[in-house]
Asker: 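My questions all concern the structure below.
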Amino acid sequence: MMGRKRAVAAAAYAGVFLLLAACGSPANPQTSPASAKQTEAPAAQAEQAGETNRIKASVVQVIDGDTIKVKLNGKEETVRFLLVDTPETHHPKLGEQPFGKEASDFTKALLTDKTVELEQDVSPGPDKYGRYLYYIYIDGKSVQEMLLEKGLARVAYIYVPNVKYVDRYRAIQEKAQQAGVGIWSVENYAREDGYHPEAVGEAGKQGKKESKNPNVTSPSKQAVPPSGAKQTSVYYASCKEARAAGAAPLHKGEPGYRPEMDGDKDGIACE
């Protein structure tokens, strides 16, 4: 009799246990698409930030073509554009250089009161002048590249390790040089060691000389030696004409040389 009672009790306990297990154990849930997105979003944002390494900043002031002031981390900071150099506009020693105003006006029109993105290279600075060093973007476009394309800047101040885009910038600069735009429109103005305003002055003087004796290529109006001038087998009305013929520079005694074309009287004309 006792054995039968124990068997009944054991069966009852087993039934209760199975009932509780069925009611209390949750079904195995499947993660909903919405939950998956919420989980993945921070990771994706972190990955994107890591790839671009850009931060947003409000432009407070445009100082010149390659320097601005921005609000960064709640503070006003000066930012110098990495890897490019525009001509000066108000340098204490150099003053305003040719194309400096054009570069400054371009950057002002582009960035004044705008929000930009700053991308650092290996080291954001500050440099010895207290300026932070960044690649600058506006609406996703590189400001450095725009300045180089328009011939308003040259590739410069290349210091390891901040050289991420130097090859790209040089390729853009080469196209501007070939097109002869901006600073590249004047021979020998922009060089590896900086800008040389004296080259602009020389070009201006040369242009005035040549304007007095325009190079007319029409056969019916070909320039001829003035009366009384020593006749030679070759005559060039200007250095421009001599250069176009591939004859420049002209040395004293060579066909086409004339003292009037030798500005510094060193025996070499159209240097």
Asker: If you look only at pairs with a residue in residues 102-136, which of them pass as a ring-ring contact (aromatic ring centres under 6.0 Å, His included), with sequence neighbours excluded?
Answerer: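 Pairs touching residues 102-136 that pass the test: Y135-Y165.
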Asker: Using a strict 4.0 Å threshold on nitrogen-to-oxygen distance, state whether E119 and R54 make a salt bridge.
Answerer: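 Yes.
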Asker: Going through the checks in order, is the side chain to side chain contact (heavy atoms under 4.5 Å, CB included) test met by I158 and R170?
Answerer: CA-CA 11 Å; I158 304 167; R170 280 175 170 159; 3.2 Å; yes
Asker: Could you tell me whether R154 sits above the aromatic face of Y169, with NZ or CZ closer than 6.0 angstrom to the six-membered ring centre and within 45 degrees of the axis?
Answerer: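 Verdict for Y169: no cation-pi partner in R154.
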Asker: Where do E102 and K150 land on the salt bridge (Lys or Arg N to Asp or Glu O under 4.0 Å) test, with the steps shown first?
Answerer: CA-CA 10 Å; E102 289 84 344; K150 295 180 177 297; over 6 Å; no
Asker: Under the criterion side chain to side chain contact (heavy atoms under 4.5 Å, CB included), which of L110, V79, V116 is the partner of V59?
Answerer: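 With V59 as partner, side chain to side chain contact (heavy atoms under 4.5 Å, CB included) holds for just one option, V116.
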Asker: Between E88 and K93, does at least one N-O distance fall below 4.0 Å, as a salt bridge requires?
Answerer: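 Answer for the salt bridge query: no.
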Asker: Using the side chain to side chain contact (heavy atoms under 4.5 Å, CB included) rule, take I138 and M146 through it: C-alpha gap first, then chi angles, then the decisive distance, then the call.
Answerer: CA-CA 10 Å; I138 179 74; M146 285 188 272; 3.8 Å; yes
Asker: Quick one, L82 and D121 - any side-chain contact, counting heavy atoms below 4.5 Å?
Answerer: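 Result yes, sub-4.5 Å side-chain heavy-atom pair found.
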Asker: Taking a hydrophobic cluster as the set of Ile, Leu, Val, Met, Phe, Trp and Tyr residues connected by side-chain heavy atoms closer than 4.5 Å, whether directly or through intermediates, do V155 and Y137 fall within one such cluster?
Answerer: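 Linked within one cluster.
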Asker: Determine, for K71 against E77, whether the closest basic-nitrogen to carboxylate-oxygen distance falls under 4.0 angstrom.
Answerer: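 Here K71 does not pair with E77 in a salt bridge, since their nearest N and O are not under 4.0 Å apart.
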Asker: Would V122 and Y159 show up in the same hydrophobic cluster when neighbours are defined by side-chain heavy atoms closer than 4.5 Å?
Answerer: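 Each belongs to a different hydrophobic cluster.
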Asker: So, using side chain to side chain donor-acceptor pair (under 3.5 Å) as the criterion, who are the partners of D105 when residues are at least two apart?
Answerer: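 Side chain to side chain donor-acceptor pair (under 3.5 Å) check on D105 returns K101.
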Asker: Any chance CG of D113 has more than 12 other-residue heavy atoms, nucleotides or ligands included, within less than 6.0 Å?
Answerer: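 For D113, atom CG is not crowded (no more than 12 foreign heavy atoms under 6.0 Å).
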Asker: Answer yes or no: is there a side-chain heavy-atom contact under 4.5 Å between N162 and S123?
Answerer: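 In contact.
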Asker: Just checking, any donor-acceptor pair under 3.5 angstrom between side chains of D66 and T86?
Answerer: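 Yes, side-chain donor-acceptor contact under 3.5 Å.
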Asker: Tell me whether I55 shares a hydrophobic cluster with V143, the cluster being built from Ile, Leu, Val, Met, Phe, Trp, Tyr side chains joined at under 4.5 Å.
Answerer: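 Same hydrophobic cluster.
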Asker: Testing D127, D85, D64 one by one against R80 for a salt bridge (Lys or Arg N to Asp or Glu O under 4.0 Å), which residue passes?
Answerer: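 When D127, D85, D64 are each tested with R80, the salt bridge (Lys or Arg N to Asp or Glu O under 4.0 Å) holds only for D85.
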Asker: Go through the steps to decide whether R191 and H196 satisfy the test side chain to side chain contact (heavy atoms under 4.5 Å, CB included), and finish with yes or no.
Answerer: CA-CA 8 Å; R191 308 180 201 173; H196 294 260; 3.5 Å; yes
